[in-house]
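I have placed the structure first, in the form of structure tokens, so that the comments after it can refer back to it.
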Amino acid sequence: LAVVMDGPKLMKYLRMKHITRLMTTPSLLSSLLSSPGLTPHMRSLSPAHCCKDTSTGYEGVRVWYLCGEVVPGRVCRDAVTALPGTQLVNSFSSWEGSDISLADLTEWVRDG
């Protein structure tokens, strides 16, 4: 829990463990995006950045799933800007019915 609540530690952990898919709430992503000085750390997770640094073999966070809450449009736009090359996906489900619906928010942001 301490790693999740500390933005720079979370970014370091994701890189260290070569995490390529991640599922969080929109509010956690929003908190990370709005943390002062964290934007460079966020960019270091993007596939666009990681492809330039082949020394680690880390490909970056390819897919970031958001679930459990409504996803504000501002969070979508900020995430797509901060994480070029990362697919942002809204995962909506009713737990009781085991139904799931996925929406590619990256395309939504790009299509305006």
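- Residues L88 and C76 approach most closely at CD2-CA, 3.7 Å, considering heavy atoms.
- Pairs of residues two or more places apart, or lying in two chains, never qualify as salt bridge (Lys or Arg N to Asp or Glu O under 4.0 Å) while including a residue from residues 23-33.
- Note that CZ of R15 and CG of L10 are 9.5 Å apart. Values are rounded to the nearest 0.5 Å.
- The salt bridge (charged side-chain N to carboxylate O under 4.0 Å, His left out) search around R77 returns none, not counting sequence neighbours.
- The OG1 atom of T106 lies 9.5 Å from the CG atom of L83; values are rounded to the nearest 0.5 Å.
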Going by atom type alone, with no hydrogens or angles, which donor-acceptor pairs under 3.5 Å involve a side-chain atom of residues 19-26 and a protein atom two or more places apart or on another chain?
from: T24; atom 1: OG1; to: W64; atom 2: NE1; distance (Å): 2.8
from: T25; atom 1: OG1; to: S27; atom 2: OG; distance (Å): 3.2
from: T25; atom 1: OG1; to: L28; atom 2: N; distance (Å): 3.2

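- With sequence neighbours left out, S30 forms a side chain to side chain contact (heavy atoms under 4.5 Å, CB included) with R74, V75.
- How far CD of E69 is from CG of N90: 10.5 Å, rounded to the nearest 0.5 Å.
- Closest approach of G73 to W108, counting heavy atoms only: CA-CH2, 3.8 Å.
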- Task: Decide yes or no on side chain to side chain contact (heavy atoms under 4.5 Å, CB included) for L66 and L29, but give the supporting numbers first.
- Result: CA-CA 8 Å; L66 299 172; L29 177 57; 3.8 Å; yes

